[in-house]
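For reference, the structure is listed below as structure tokens.
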Number of protein chains: 2
Amino acid sequence: MGPKEWFPELHPEPDGEPGRHRYDWAVTEPRSLADEPIHRDVALRLARNEQRYTRQRRTMVEALASIGRPATIGELIEAVGELPISTAYRNLAVLGDAGVVRRVNGTDEFARFELAEEVSGHHHHHAVCSSCGLVIDATSSARLEMALAETARAIAAENGFDVADHRLELVGRCLSCARTAT
Amino acid sequence: MGPKEWFPELHPEPDGEPGRHRYDWAVTEPRSLADEPIHRDVALRLARNEQRYTRQRRTMVEALASIGRPATIGELIEAVGELPISTAYRNLAVLGDAGVVRRVNGTDEFARFELAEEVSGHHHHHAVCSSCGLVIDATSSARLEMALAETARAIAAENGFDVADHRLELVGRCLSCARTAT
DNA sequence: GGCTAGTTTGAGAATCATTCTCATGTCAAA
DNA sequence: TTTGACATGAGAATGATTCTCAAACTAGCC
């Protein structure tokens, strides 16, 4: 198919370098790659899987961190700005394998993604809006968390299931949908 | 277009009635329609939505009840025997609107369906296998259930979310996958 | 009994989120 | 700089779910 134009309108050739294009996802800034603890952690987890922490992936991690709740693919792409769908899904899969992001199933048909608790350092549960599908983080006190863990442990013992984790899901109406009657 | 053959190989014309076909979903047994409490309840809920409790739908409800855990479309079809996919999805939607069945999201890409707790009378939570996606019911003692409800209530209060329900999900390995290493 | 209106069904087409393909660009290490 | 391995982007493919519509059914009326 010959040398077709590849993303030319978004990334024109830099001046003085004909034939060479600029790519946002190039890993060209070693200085700032690990200047934040979270990025250092992500880079380490990716390295364990022999994966690179490219600029694209860093942008995605930062977008997920800034959104602060499980984000759909659309929300993630919007937050990042330029992000092809195929790359978004592929990198989410890579980050998922590395234990950096976790996939969250809500009530609608859209998958949502959030930073894993081990990366964000933010243990939480989820409140799901049964009307619009919005998922927000729900934190709890240490006392409540202990009761919940104890409950989960006992339920697991009663049912003979090899439980590694537990998740509490609160189903109801988000503030926006609660305002709009029915 | 024209009068094409419609499902002829599965439901041949009954003897002596040329031109007439037999359909499994026909509502032709009023006697046994409501002879069980659960069927009476389901019929009532469907009637509230101006929907009929056809034989197909009753078969689906019975299959869901007998499976005893959230079932995938494939499992449901297998349990029923003859059940077109389109009819299965449509009736699950109808039963869902009537509050008879509930959709359960597991860890894999398959939606699962179970009888609503109001119909089955069986309050429970779910244990999800992170390996194969199997979802089984997990019951808990009254004491644990109270602690869990209290926890959910407090978390909801802390986060200002209009919570109507809560669900606990235990993630781990099912017995079958725990046996098979890795 | 038959007739009519509205409902349910089944097969296949359509939808659409997600995954896959592959040519091309980029990185890291000699 | 060369080379091999990995990352990317556009589009095609996949596949669960939903939609379409003609045909078959039920309920209610005569």
Side-chain angles (χ1 to χ4, degrees), chain A residues 1-11 13 17 19-30 33 46-47 49-60 72-74 76-77 82-96 103 105-106 108-113, chain B residues 1-11 13-14 17 19-30 33 46-47 49-60 72-74 76-77 82-96 103 105-106 108-113 133:
Chain A
M1 282 72 207
K4 69 179 164 197
E5 301 178 289
W6 195 59
F7 218 19
E9 65 281 13
L10 292 174
H11 300 284
E13 302 176 354
E17 293 187 68
R20 192 159 183 284
H21 292 259
R22 176 173 54 84
Y23 292 86
D24 276 349
W25 47 270
V27 181
T28 54
E29 289 187 57
L33 232 183
L46 283 171
N49 281 26
E50 300 183 335
Q51 296 281 347
R52 298 171 187 164
Y53 196 24
T54 65
R55 187 188 296 184
Q56 285 261 57
R57 290 170 183 175
R58 187 155 62 102
T59 309
M60 290 173 64
T72 62
I73 283 285
L76 179 60
I77 289 177
E82 282 298 334
L83 184 61
I85 294 180
S86 56
T87 298
Y89 278 111
R90 188 184 334 96
N91 281 343
L92 283 173
V94 169
L95 291 168
R103 185 175 181 149
N105 286 327
D108 53 17
E109 72 268 35
F110 301 104
R112 287 155 203 272
F113 301 87
Chain B
M1 295 73 202
K4 69 179 164 195
E5 298 178 291
W6 196 59
F7 217 20
E9 66 281 14
L10 292 174
H11 300 281
E13 302 176 355
E17 294 186 67
R20 191 158 182 285
H21 291 258
R22 176 173 55 84
Y23 290 87
D24 276 348
W25 47 268
V27 180
T28 54
E29 289 187 57
L33 231 182
L46 283 172
N49 281 25
E50 301 183 334
Q51 297 281 347
R52 299 171 186 166
Y53 196 23
T54 63
R55 185 189 296 183
Q56 284 262 57
R57 291 170 183 173
R58 188 157 61 102
T59 310
M60 289 173 64
T72 62
I73 284 285
L76 178 60
I77 289 177
E82 281 299 332
L83 182 60
I85 294 180
S86 57
T87 297
Y89 277 111
R90 188 185 332 96
N91 281 343
L92 283 173
V94 169
L95 291 168
R103 186 175 181 149
N105 287 327
D108 53 17
E109 73 268 35
F110 302 105
R112 288 155 202 272
F113 302 86

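Only this structure's heavy atoms are used, side chains among them; waters, hydrogens and symmetry mates stay out.
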Evaluate the side-chain contact (heavy atoms from CB on, under 4.5 Å) criterion for residues A:I77 and A:T72: first the C-alpha distance (whole Å), next the side-chain angles of each, then the deciding distance (0.1 Å), finally the verdict.
CA-CA 9 Å; A:I77 289 177; A:T72 62; over 6 Å; no

Quick one, A:L95 with A:L46, criterion side-chain contact (heavy atoms from CB on, under 4.5 Å). Give me CA distance, side-chain angles, the key distance, then yes/no.
CA-CA 7 Å; A:L95 291 168; A:L46 283 171; 4.0 Å; yes

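Atom CG in B:L76 sits roughly 15 Å away from atom C1' in D:dA16 (whole-Å rounding). Rounding to whole angstrom units, CD of residue B:E50 and P of C:dT7 are separated by 8 Å. Nucleotide D:dA10 holds its C1' atom 13 Å from the CD atom of A:E82, rounded to whole Å. Between A:L92 atom CG and D:dA7 atom C1' the separation is 15 Å, expressed in whole Å. If you take CG of B:D108 and P of D:dG15, they are 15 Å apart, rounded to a whole angstrom. Between A:L83 atom CG and C:dT18 atom P the separation is 14 Å, expressed in whole Å. Across the protein-nucleic acid pair, B:R57 atom CZ and C:dT8 atom C1' stand 7 Å apart, rounded to whole Å. One interatomic measurement links the two molecules: CG of A:L95 to C1' of D:dA7, which rounds to 13 Å at whole-angstrom precision.
A sub-4.0 Å separation between OP1 or OP2 of D:dA7 and a side-chain N or O of A:Q51 is present. Look at A:T54 and you won't find any side-chain N or O under 4.0 angstrom from OP1 or OP2 of D:dA7. Of the side-chain N and O atoms in A:R52, none sit less than 4.0 angstrom from OP1 or OP2 of C:dA28. At the phosphate of D:dC25, neither OP1 nor OP2 sits under 4.0 Å from any side-chain N or O atom of B:Q56. Phosphate contact (OP1/OP2 of C:dT8, side-chain N/O of B:N91, threshold under 4.0 Å): absent. For the OP1/OP2 pair of D:dT8 and a distance below 4.0 Å, the side-chain nitrogens and oxygens of A:R55 include no atom meeting the criterion.
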Close N or O pairs between protein and nucleotides 17-21 of chain D (under 3.5 Å):
residue, atom, partner, partner atom, Å
D:dT17, OP1, B:A111, N, 3.0
D:dT17, OP2, B:Y89, OH, 2.1
D:dT17, O5', B:Y89, OH, 3.0

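Using a 4.5 Å heavy-atom threshold, the side chains of B:F113 and B:I73 count as touching.
For A:R112, the salt bridge (Lys or Arg N to Asp or Glu O under 4.0 Å) criterion is met by A:D108, not counting sequence neighbours.
Of the possible donor and acceptor atoms, one in the side chain of B:R57 sits under 3.5 Å from a partner among the backbone N and O of B:R52. Side-chain N or O atoms of A:T59 include one that pairs as donor or acceptor with a backbone N or O of A:R55 at under 3.5 Å. Between the side chain of A:N105 and the main chain of B:G106, a donor-acceptor pair closer than 3.5 Å is present.
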